[in-house]
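Along the sequence shown, residues are numbered consecutively beginning with 1.
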Amino acid sequence: MNEEALAERHMTRTLKLAAEALELGELPIAAIVVLGDRVIGSATTAEQREQRTLVHAELAALDEADRLGLSLAERRSARLFTNLEPCLMCLGAAMSFFVGGIHYALESPADGAVDLVRAWVRAEGDMPQYRFPEVTGGLLREESTRLFEQYALLQGPGPMRDWAQTLAQIDRNR
């Protein structure tokens with residue numbers, strides 16, 4: 001299986017998890033960490049279940065993978081798949097994990113941090129292994145957009161519905 005087909009397969013897995021989160025009343029956001037073809041971390045955002053805000057899918061999936069005690073080389077080979085562009089906290093966690101690549105489905109203009117961190121310039125003398133990973137956006141964007149459309153339909157008036165509706169419009173504006 002070529003790399004593109006493999007990435008699509010992993011994102012399909014991620015979107016399935018996000019759909020399951022939506023069925024539980026959560027934000028439809030999921031993440032998996034993959035090493036080779038093996039999932040070594042997976043999670044969904046759990047803000048409703050845990051009544052906390054720092055329970056993002058990417059952070060939880062990376063934490064699960066981090067507990068495996070991987071070498072730096074293994075971490076560099078790992079890939080993070082998420083259906084929404086990571087926020088600054090989650091992108092920082094991915095960099096601190098030393099993940100080799102990030103694939104996301106849908107941009108998040110309100111809080112996505114890829115462009116912000118992409119502009120970061122590492123200072124001379126910083127840890128040489130600490131760097132911005134390869135990032136690919138737009139993988140199965142339409143499928144992720146539909147999840148946020150469904151989420152918006154299930155929400156009453158308020159900021160979360162407005163945010164989800166904004167995300168649902170991204171694909172239409174392309």
Side-chain angles (χ1 to χ4, degrees), residues 1-24 26-47 49-50 52-108 111-122 126-148:
M1 183 177 296
N2 70 27
E3 197 169 318
E4 189 175 311
L6 194 56
E8 192 168 306
R9 191 171 110 214
H10 292 314
M11 186 59 76
T12 298
R13 259 187 206 167
T14 303
L15 288 161
K16 183 178 180 205
L17 278 175
E20 291 170 8
L22 179 63
E23 289 175 14
L24 295 173
E26 289 287 352
L27 285 166
I29 304 172
I32 64 171
V33 180
V34 177
L35 182 60
D37 195 28
R38 184 173 58 121
V39 175
I40 60 171
S42 68
T44 61
T45 294
E47 292 178 0
R49 287 189 307 273
E50 295 193 24
R52 300 183 313 123
T53 57
L54 298 180
V55 286
H56 293 198
E58 301 88 347
L59 191 59
L62 287 161
D63 183 59
E64 183 179 334
D66 188 45
R67 294 172 189 275
L68 298 176
L70 303 172
S71 69
L72 182 59
E74 289 170 314
R75 290 167 183 269
R76 284 263 183 253
S77 295
R79 299 287 181 259
L80 172 67
F81 289 82
T82 180
N83 66 301
L84 188 65
E85 177 184 358
C87 69
L88 187 57
M89 174 180 70
C90 293
L91 197 51
M95 290 174 67
S96 293
F97 180 84
F98 304 112
V99 71
I102 298 172
H103 302 269
Y104 66 88
L106 183 63
E107 297 79 11
S108 185
D111 65 347
V114 169
D115 286 341
L116 175 69
V117 178
R118 190 174 271 148
W120 169 67
V121 177
R122 192 171 57 83
D126 278 353
M127 295 185 306
Q129 69 273 25
Y130 198 72
R131 63 178 186 211
F132 189 65
E134 293 177 29
V135 177
T136 305
L139 182 61
L140 301 182
R141 178 186 286 119
E142 251 181 72
E143 290 84 343
S144 189
T145 299
R146 282 195 292 274
L147 289 172
F148 286 98

Check your understanding: Does a side-chain heavy-atom distance below 4.5 Å link Arg9 with Asp37?
Key -> yes
Review point. Are the side chains of Leu59 and Met89 in touch, meaning some heavy atoms are under 4.5 Å apart?
Key: yes
Practice item. Evaluate the side-chain proximity of Val114 to Ile102: yes if any heavy-atom separation is below 4.5 Å, no if none is. Key: no
Check your understanding: Once you round to the nearest 0.5 Å, how far does CD of Glu142 lie from CG of Leu106?
Key -> 11.0 Å
Check your understanding: Do the non-hydrogen side-chain atoms of Phe98 and Leu70 ever get within less than 4.5 Å of each other?
Key -> no
**Study point:** Plane angle bin for Phe81 and His103 - parallel if under 30°, tilted between 30 and 60°, otherwise perpendicular
**Key:** parallel
Check your understanding: Atom CG of Leu15 and atom CZ of Arg146: how far apart are they, to the nearest 0.5 Å?
Key -> 9.0 Å
Review point. Does the side chain of Glu26 come within less than 4.5 Å of Thr44's, by heavy atoms?
Key: no
Exercise for review: For residues Leu22 and Phe148, determine if any side-chain heavy atom of one lies less than 4.5 Å from a side-chain heavy atom of the other.
Suggested key: no
Review point. Would you say the side chains of Arg13 and Ser42 form a donor-acceptor pair under 3.5 Å?
Key: no
Practice item. Report yes if some heavy atom in the side chain of Glu3 is under 4.5 Å from a heavy atom in the side chain of Leu6; otherwise report no. Key: no
Practice item. Indicate yes or no for a side-chain donor-acceptor contact from Glu134 to the backbone of Gly101 under 3.5 Å, with no hydrogens or angles considered. Key: no
Review point. Do the side chains of Asp66 and Arg75 get nearer than 4.5 Å, heavy atoms only?
Key: yes
Point to revise | Expected output: side-chain Asn83 to main-chain Ala105 donor-acceptor under 3.5 Å | key: no
Review point. When rounded to the nearest 0.5 angstrom, what is the spacing between CE in Met11 and CZ in Arg141?
Key: 10.5 Å
Practice item. Supply the atom-to-atom distance Ile40 CD1 to Leu35 CG, rounded to the nearest 0.5 angstrom. Key: 5.0 Å
Point to revise | Nearest-0.5 Å distance that lies between atom CG in Leu91 and atom CG in Leu80 | key: 9.0 Å
Point to revise | Pairwise distance OG1(Thr14) to CD1(Ile32) - rounded to 0.5 angstrom | key: 3.5 Å
**Study point:** Contacts of His56 that satisfy ring pair (Phe, Tyr, Trp, His ring centres under 6.0 Å) - sequence neighbours left out
**Key:** none
